[in-house]
Visitor: 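Here it is, the structure, as C-alpha cells.
Counting starts at 1 for both ligands and their atoms, following the listed order. Because only heavy atoms are used, hydrogens play no part in the values below, and waters and symmetry mates are left out as well, while side chains stay in. If you read the sequence from its start, that first residue is 1, and numbering goes on from there.
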Amino acid sequence: MSLVVVGSVAYDGVATPAGRVDRMLGGACTYISLAASYFTPVSIVAVVGEDFAQEDAGLLASRGIDLEGLQRAPGKTFFWAGVYSEDMNDRETLATELNVFADFRPDLPASCRSKPYLMLGNIQPALQRAVREQMSGARLIGGDTMNFWIEGQREELLQTIAGWDFLLINDSEARLLSGERNLKRAAAAIRAMGPRILVIKRGEYGAALFHDGGAFSLPGYLLDTLKDPTGAGDCFAGGFIGSLAERGVTAETASPADLARAVVYGSVMGSFCCEDFGVGRFRTLTRDDIERRFQEFRRLTAF
Ligand code: AMP
C-alpha cells in the first residue's frame, strides 16, 4: 500500500555531546521515507538544490524510494543547524535556511496522486496543504509540524491540520499549539482542531496516543548508545504510518490495536535513528533488527 511523503530534504549541521557534524543529509522527508521504506513502498515529494549530492539521492534509491517527485531547482538545498543540551532532551536551532523550499510549488507526478497514504512531514503548512489537495484518493492522511510553524504561521497551520486524520507532535509543541499545560487537556483541545488520531511524542520518555477509543501510553526504549536524536520524531512518523500502510489500515478501519502497534513501530524506528549521526543507522539496519526490537518492547511493557 503505497505512501507519499512530503517534507524537507535537507543538509543539517548538528552538535551533540557525542560529537559534531557540520553538514550531512537530513530533513523530515528523508528520515520519514527511510524509516517507512522498511514497511511499504514510498514516493517522495520535495525539492533540492544544485548542491545535492548524487550519493545522497543514491541512499534513498537504495531503499527503493521513488524519487520521481524530487525536484531539482537552481539554488541551495534547505539547510538546518542545531545544538543539543547535555542530556539531549533539548535543542537550540542555530539556522533554518529554506533556500529552494521558499519558492517550491509541489506538482505531484500523476503516479502519486491516487496513492492511499499521505504523510505530510514538517515543512511550511501551505505546502502541506497544496500536496494534500492533489491527493484525491488518500485513505489515511496525517502529518507533523513544529514550533517554528506553530509560532510563525499559526492560522495557516490550523487550516491545514483541520483536514488531517492524524497529527504527530512533541509535548512542548502540543502545549504551544493548545495553550494547555496538562497533556490530556492539550490532547482534547488539539483533537477538536481536526485530527481524531493524535500522538504526542515525549522524547526519551516515550509517546502517548489519543483517539476516539481512548488512550495508549508507551515508555521510551532504553538505549545503550545515544549519539544524535535528530530525525527521531520523523523516523517515528515513518514507522507509524509505514506499519499502518503495510497492513492496509485506513482512517475508517483503524482499531485501537492497529494504532497502538503503529506507535510501537514508530518508537522502534525513532530509537534506531538516535544510535548514529544523521541517517547513518539506515545504512545497515534490517527488518530483522526492527522485529527484534519490537519484541523487546513487548517484554519491556508486559506485566
Ligand atoms: P526532528 O529531529 O524529527 O524534529 O527532525 C529534524 C529534521 O527536521 C532535520 O533533519 C531538519 O533538516 C528538519 N527541519 C528542522 N527545522 C525544519 C523546518 N522549519 N522545516 C522543515 N524541516 C525542518
Visitor: Under the side chain to side chain contact (heavy atoms under 4.5 Å, CB included) test against Thr160, which residue among Gln128, Gln124, Glu155 passes?
Guide: Gln128
Visitor: Assess Phe78 for proximity to ligand 1: is some non-hydrogen atom of it under 4.0 Å away?
Guide: yes
Visitor: Quick one: does Asp234 get an N or O within less than 3.5 Å of an N or O on ligand 1?
Guide: yes
Visitor: Output yes when the distance from some N or O of ligand 1 to some N or O of Thr96 is under 3.5 Å, and no in every other case.
Guide: no
Visitor: Quick check on side chain to side chain donor-acceptor pair (under 3.5 Å): which of Glu291, Arg298, Arg292 does Gln295 satisfy it with?
Guide: Arg298
Visitor: Does either side chain, that of Arg113 or that of Ser136, offer a donor lying less than 3.5 Å from an acceptor on the other one?
Guide: no
Visitor: Do any nitrogen or oxygen atoms of Gly27 come within less than 3.5 Å of a nitrogen or oxygen of ligand 1?
Guide: yes
Visitor: Considering only heavy atoms of Arg91, which atoms of ligand 1 have at least one such atom less than 4.0 Å away?
Guide: 1 (P), 2 (O), 4 (O)
Visitor: Just jot down the ligand 1 atoms closer than 4.0 angstrom to any heavy atom of Ala10, in number order.
Guide: 12 (O)
Visitor: Within a distance under 4.0 Å of any heavy atom of Tyr31, pick out the atoms of ligand 1 and give their elements.
Guide: 10 (O)
Visitor: For ligand 1, which part of Gln124 has a heavy atom less than 4.0 Å away: the side chain, the backbone, both, or neither?
Guide: neither
Visitor: Supply the atom-to-atom distance Glu55 CD to Leu60 CG, rounded to the nearest 0.5 angstrom.
Guide: 11.5 Å
Visitor: For ligand 1, does Met24 get within less than 4.0 Å through its side chain, its backbone, both, or neither, judged by non-hydrogen atoms?
Guide: neither
Visitor: Which residue supplies the protein heavy atom nearest to atom 10 (O) of ligand 1, what is that atom called, and how far is it?
Guide: Asp12 OD2, 2.4 Å
Visitor: I'd like to check which ligand 1 atoms, numbered from 1 as shown, lie under 4.0 Å from a non-hydrogen atom of Gly233.
Guide: 3 (O)
